[in-house]
K.L.:
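I have a structure here, written as structure tokens, and I will follow up with some questions on it.
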Amino acid sequence: MHGEQPLRLGVLGSGKGSNFVAIAEAIRNGSLQAEVGLVVSDVAEAGILQHARDRGMPARFIAPGAFRTKLDPTAEAAFIGALQEARVDLVVLAGFMRILKGDFLKAFEGRVVNIHPSLLPSFPGLEAWKQALEYGVKVTGCTVHWVDQGVDTGPILAQRAVPVLDDDTVSSLHQRIQEAERTLYPETLARLTRGGWATPGRAGSRT
Ligand code: GAR
């Protein structure tokens with residue numbers, strides 16, 4: 001699909017954009033052979049949009065519509081259209097806090113990856129670091145996975161463990177996990193670009 005062309009990423013995020021910054025930095029320093037085709041957010045004032053604009057990368061806010069946890073059909077069509085127009089090869093969810101299903105996943109079948117701040121399948125959903133601290137696990141971490149119809153499910157591409165320390169607070173643990181994310185996500189994307197097109201069906205192969 002890409003031949004000599006660098007992989008074109010469409011990055012979706014709702015928040016401050018630290019994962020996006022790490023990905024952009026990896027592209028800049030040559031450790032990730034890719035380019036950012038478009039950054040899209042459902043939050044007009046999201047830091048991720050500003051980080052993209054600061055780097056001269058195309059960035060768009062698209063209003064999500066009336067629902068709280070997903071895109072309404074008009075918004076979903078707008079997200080799909082914008083990413084297709086930008087000719088992205090891979091959709092990279094970097095703190096995108098809405099569930100993508102149906103038409104979106106059909107449009108980018110086997111081409112959507114996500115990062116989640118826990119060792120999935122433990123602690124899916126919101127504030128996974130807080131869930132881990134409250135549960136009392138001694139190790140948590142982060143996971144990069146292909147996105148399927150579920151919430152924080154789908155074949156796992158990579159994980160990194162992070163210790164939970166006795167004196168951790170919600171914020172210190174969150175910070176340690178996010179530090180791990182900032183290396184794991186660019187490294188995993190680089191592995192994907194080097195390995196060609198590992199579809200979800202093959203992602204779990206352990207040869
Ligand atoms: C990241 O920690 C990511 O794992 C999490 O949102 C944060 C975004 O931070 N995503 C989820 O919880 C998805 N279920 P960032 O905007 O600084 O990259």
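Residue numbers run from 1 in the order of the sequence given. Counting convention: from 1, in listed order, for ligands and their atoms alike. Note that the coordinates shown come from a computational prediction; the quantities given were computed from them, not determined experimentally.
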K.L.:
Measure D152 to ligand 1 on non-hydrogen atoms and call it side chain, backbone, both or neither using the 4.0 Å cut-off.
P.N.:
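The answer is the side chain of D152.
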K.L.:
Looking at atom 16 (O) of ligand 1, what's its closest protein heavy atom, distance included?
P.N.:
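Here the closest protein heavy atom is G17 N, 2.7 Å.
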K.L.:
Report the nearest protein non-hydrogen atom to atom 4 (O) of ligand 1: residue, atom name, distance rounded to 0.1 Å.
P.N.:
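The protein heavy atom lying closest is E181 OE2, 2.4 Å.
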K.L.:
Would you say L165 ends up clustered with L173 if hydrophobic residues are merged whenever their side chains have heavy atoms under 4.5 Å apart, either directly or through other cluster members?
P.N.:
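No, separate clusters.
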K.L.:
What residue and atom, counting heavy atoms only, is the protein's closest point to atom 10 (N) of ligand 1, and at what distance?
P.N.:
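The protein heavy atom lying closest is I115 O, 3.6 Å.
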K.L.:
Spell out, as yes or no, whether a donor-acceptor pair under 3.5 Å connects the side chain of Q131 to the backbone of L126.
P.N.:
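Yes, the answer is positive, given that a donor and an acceptor are paired below the 3.5 Å cut-off.
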K.L.:
In terms of residue, atom name and distance, what is the protein heavy atom nearest to atom 14 (N) of ligand 1?
P.N.:
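It is H116 ND1, 3.1 Å.
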K.L.:
When clusters are formed by joining ILVMFWY residues with side-chain heavy atoms under 4.5 Å apart, either directly or through shared neighbours, do L83 and L71 land in the same one?
P.N.:
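Yes, because L83 and L71 connect within a single hydrophobic cluster, where side-chain heavy atoms sit under 4.5 Å apart.
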K.L.:
To the nearest 0.1 Å, how far is atom 15 (P) of ligand 1 from its closest protein heavy atom, and which atom is that?
P.N.:
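Protein heavy atom with the smallest distance to atom 15 (P) of ligand 1: S18 N, 3.4 Å.
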K.L.:
Just by distance, no angles: are the side chains of Q33 and T193 close enough, under 3.5 Å, to form a donor-acceptor pair?
P.N.:
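No, because no side-chain N or O of Q33 sits under 3.5 Å from a partner of the opposite role on T193.
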K.L.:
Can you give me the closest heavy-atom contact between L119 and T140, atom names plus distance?
P.N.:
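Here L119 and T140 meet closest at CD1-O, 3.4 Å.
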K.L.:
Give the residue and atom name of whichever protein heavy atom lies nearest to atom 5 (C) of ligand 1, and the separation in Å to one decimal.
P.N.:
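So the nearest neighbour among protein heavy atoms is P117 CD, 3.9 Å.
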K.L.:
Enumerate the atoms of ligand 1 whose separation from the nearest heavy atom of Q178 is less than 4.0 angstrom.
P.N.:
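Listed by number with element: 1 (C), 2 (O), 7 (C), 8 (C), 9 (O), 17 (O).
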K.L.:
To the nearest 0.1 Å, how far is atom 8 (C) of ligand 1 from its closest protein heavy atom, and which atom is that?
P.N.:
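That would be G95 CA, 3.5 Å.
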K.L.:
Using distance alone, with no hydrogens and no angle criterion, decide if Q50 and K16 have a side-chain donor and acceptor under 3.5 Å apart.
P.N.:
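Per modelled atom types, Q50 and K16 side chains form no pair under 3.5 Å.
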K.L.:
Cut-off 3.5 Å, side chains only: do T69 and R98 have a donor facing an acceptor?
P.N.:
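No, no side-chain donor-acceptor pair sits under 3.5 Å.
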